[in-house]
Amino acid sequence: MPFTQIRRLHVNNVNTLKRSPLSEISGSLGDLGTLLPLMIALAVNNSISLSTTLVFSGLWNILTGAAFGIPLPVQPMKAIAAVAISRKFSIEETVSAGFTTAGVVFIFSATGLLGWFTHVIPTPVVKGIQVGAGLSLVISAGTSLLQPLGWVIPNAGDNLLWALFAFLFLLSTQTSPRVPYALLVFVLGIIISTSLAGTSNLPSFHFWSPSVYIPSWPAFRTGALDAGLGQVPLTTLNSIIAVTYLSSDLLPHIPAPTVTSIGLSVALMNLIGGWFGAMPVCHGSGGLAAQYRFGARSGASIILLGLFKILLGLFFGESLISLLKHYPKSLLGIMVLAAGLELAKVGESLNYGARDLWEVSEPSSIATSIQKQRELTGEERMERWTVMFMTIGGLLAFKNDGVGFLAGMLCHFSYRWSDVWARRSGGWGVGGIGEWMKKKNDERTNRRSRRATTVEEEEEQLLVDTN
């Protein structure tokens with residue numbers, strides 16, 4: 001990455017932080033609903049080192065915030081975390097799963113396969129992955145965090161009444177984006193968890209003393225086969241490809257990171273931190289949407305979060321587990337709900353504003369180039385909606401990004417195959433030539449009715465009108 005671009009991103013980070021410091025701080029906490037439950041569960045199971053995870057994930061926050069200039073999250077690899085929690089993986093097995101995923105992603109990045117994926121995967125499929133991931137967050141917020149709660153149980157500090165309060169507070173900030181919702185809710189949650197944990201469970205000073213973990217062959221095989229390979233499609237689609245698309249949608253004024261750079265970032269984070277027992281991490285479109293939803297607009301937000309994580313990991317470490325276990329699920333659930341809805345909203349731009357619909361006109365005497373939106377027919381719009389919803393349906397039905405991806409791609413290719421078959425059946429006989437002439441005539445009619453956007457198009461339209 002050129003130094004001049006990093007310098008421009010640094011200037012933008014500083015200016016954004018000066019302009020709206022509370023929003024940046026609030027946005028940095030937007031992904032806690034995903035981070036805290038998984039990180040705490042893994043630490044309680046002794047599947048990761050909490051102190052090392054905080055130090056290394058904080059370091060990655062700082063580096064990615066400076067290198068990419070966007071609020072790019074550093075969050076758990078969810079498929080690996082789910083298997084590690086359910087099967088009580090050892091630290092060696094957990095990091096082996098991370099090594100496997102990181103190794104595959106590194107190969108994809110170094111060979112250019114990730115860049116090739118972005119050209120062959122249709123936009124409706126990518127949008128379907130994003131919307132499906134957002135709806136998955138909404139469902140998980142209800143089933144895992146909110147549904148087990150009662151109106152007054154499990155305790156006075158964590159119940160549906162607190163969830164209702166957080167939800168109403170969220171609605172009240174819909175038209176006031178400058179209100180630091182996530183920051184206020186986080187502080188409230190810390191106060192409640194402190195009162196619930198009691199003085200005997202408060203964090204104590206414990207300086208970080210890292211250990212090196214070298215997996216044995218049985219541990220590596222278990223982690224790789226049972227969790228690592230299953231994470232690969234989720235990381236490739238949602239944590240790399242979907243992130244670049246979402247960055248362009250949410251922050252068009254900041255250069256979107258390339259899939260290769262995001263892939264290398266994911267690979268290196270795990271290939272370095274795993275040796276010390278850090279949690280397998282990735283970037284994710286859900287976390288980016290969450291941090292954007294709660295105010296983050298630059299890399300400054302996650303740089304601040306990274307500094308906070310490093311301080312906690314260096315000086316408190318494992319003693320934080322008892323306090324974090326009491327963090328109210330009612331507040332986390334509403335934050336995850338809001339993040340999921342923010343991510344699902346990107347499906348709205350499928351047929352207007354999507355990156356594959358923009359075209360650049362030929363240079364003219366007035367302007368070097370003009371970007372314009374390609375108009376879709378009704379049939380094309382319906383086709384794109386169908387592919388996107390087929391992707392969403394497969395993802396939600398099987399709770400697997402890979403299945404959703406395959407469903408969407410098969411649906412896309414079924415439309416392409418229909419077009420190819422229609423052209424072949426028409427051939428170049430009388431019927432085929434007739435269809436071709438009809439298509440050209442329709443294009444001429446559409447060109448005549450469409451308003452010109454450049455000087456060359458005005459001249460071309462005059463010639464068409466005179467014929």
Side-chain angles (χ1 to χ4, degrees), residues 79 104-105 107-109 111-136 229-246 248-249 258-260 262-263 285 343-344 346-359 373-429 431-432 435-436 438-440 442-443:
V104 174
V105 170
I107 293 172
F108 284 171
S109 304
T111 58
L113 281 175
L114 281 177
W116 180 75
F117 288 158
T118 60
H119 291 94
V120 300
I121 299 176
T123 295
V125 175
V126 178
K127 291 282 188 183
I129 295 292
Q130 292 175 317
V131 176
L135 295 179
S136 295
L229 292 179
Q231 177 70 45
V232 171
L234 177 61
T235 296
T236 304
L237 296 171
N238 185 51
S239 301
I240 300 176
I241 295 176
V243 161
T244 61
Y245 275 72
L246 185 63
S248 299
D249 291 340
T258 64
V259 290
T260 300
I262 294 291
S285 57
L343 179 56
V346 302
E348 180 187 9
S349 63
L350 175 65
N351 289 330
Y352 184 80
R355 61 191 297 177
D356 64 327
L357 297 181
W358 289 102
E359 299 174 338
Q373 181 82 28
R374 181 168 67 89
E375 296 182 5
L376 297 174
T377 65
E379 183 178 352
E380 287 176 321
R381 287 194 294 269
M382 180 58 65
E383 175 185 320
R384 289 166 67 88
W385 276 113
T386 303
V387 172
M388 186 180 77
F389 277 104
M390 186 67 71
T391 306
I392 297 170
L395 190 154
L396 294 180
F398 292 90
K399 298 181 180 179
N400 188 300
D401 283 33
V403 175
F405 169 75
L406 290 176
M409 291 299 293
L410 288 174
C411 183
H412 170 77
F413 285 126
S414 70
Y415 282 111
R416 299 286 75 78
W417 175 253
S418 298
D419 294 341
V420 171
W421 180 258
R423 286 196 296 269
R424 286 190 174 183
S425 61
W428 286 101
E435 287 294 326
W436 179 82
K438 181 178 183 298
K439 181 179 179 181
K440 288 297 182 182
D442 291 341
E443 288 177 356

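On a predicted model such as this, the values are computed, not experimentally measured, just so you know.
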### Task
Could you tell me the separation between the OG atom of Ser285 and the CD1 atom of Ile241, rounded to the nearest 0.5 Å?
11.5 Å
### Message
Tell me the closest heavy-atom pair linking Ser136 and Leu395, and the distance in Å.
### Response
OG-CD2, 3.3 Å
### Summary
Residues passing the salt bridge (charged side-chain N to carboxylate O under 4.0 Å, His left out) test with Glu380, sequence neighbours excluded, are Arg374
### Which residues share a side chain to side chain contact (heavy atoms under 4.5 Å, CB included) with Ala344, sequence neighbours left out
Val131, Leu135
### Message
I'd like to know if the side chain of Arg381 reaches the main chain of Asn351, judged simply by a donor and an acceptor atom lying under 3.5 Å from each other, with no hydrogens or angles considered.
### Response
no
### Task
List for me each residue that meets side chain to side chain contact (heavy atoms under 4.5 Å, CB included) alongside Val232, sequence neighbours excluded, and say none if there are none.
Thr101, Val104, Phe108, Thr236
### Message
If you apply the rule side chain to side chain contact (heavy atoms under 4.5 Å, CB included), what do you find for Trp116 with Thr111, and how did you get there?
### Response
CA-CA 10 Å; Trp116 180 75; Thr111 58; over 6 Å; no
### Query
Between CE of Met388 and SG of Cys411, what distance do you get to the nearest 0.5 Å?
11.5 Å
### Query
Do Tyr415 and Val387 come close enough that some side-chain heavy atom pair is under 4.5 Å?
yes
### Query
Does Thr258 have any side chain to side chain donor-acceptor pair (under 3.5 Å) partners at least two apart in sequence or in another chain, and if so, which?
Ser261
### Message
Working note: Asp249 + Glu348, criterion side chain to side chain contact (heavy atoms under 4.5 Å, CB included); need CA distance, chi angles, decisive distance, verdict.
### Response
CA-CA 11 Å; Asp249 291 340; Glu348 180 187 9; over 6 Å; no
### Task
Output the distance between atom OG (Ser239) and atom CD1 (Ile129), rounded to the nearest 0.5 Å.
11.0 Å
### Task
For Leu229, enumerate each residue passing the side chain to side chain contact (heavy atoms under 4.5 Å, CB included) test, keeping only those at least two apart in sequence or located in another chain.
Thr100, Leu225
### Message
Which heavy atom of Gly408 sits nearest to which heavy atom of Met390, and what is that distance?
### Response
N-CG, 4.4 Å
#### Entry: From CD1 (Ile240) to OG1 (Thr260), nearest 0.5 Å
9.5 Å
## Note on the structure
One should read off an interatomic distance between Ile121 CD1 and His412 NE2, to the nearest 0.5 angstrom, of 10.5 Å
### Task
Could you grab the distance from atom OG1 of Thr391 to atom CG of Leu406, nearest 0.5 Å is fine?
10.0 Å
## Note on the structure
side chain to side chain donor-acceptor pair (under 3.5 Å) filter on Thr235, not counting sequence neighbours, yields Gln231
### Query
What residues form a side chain to side chain contact (heavy atoms under 4.5 Å, CB included) with Phe389, not counting sequence neighbours?
Trp385, Ile392
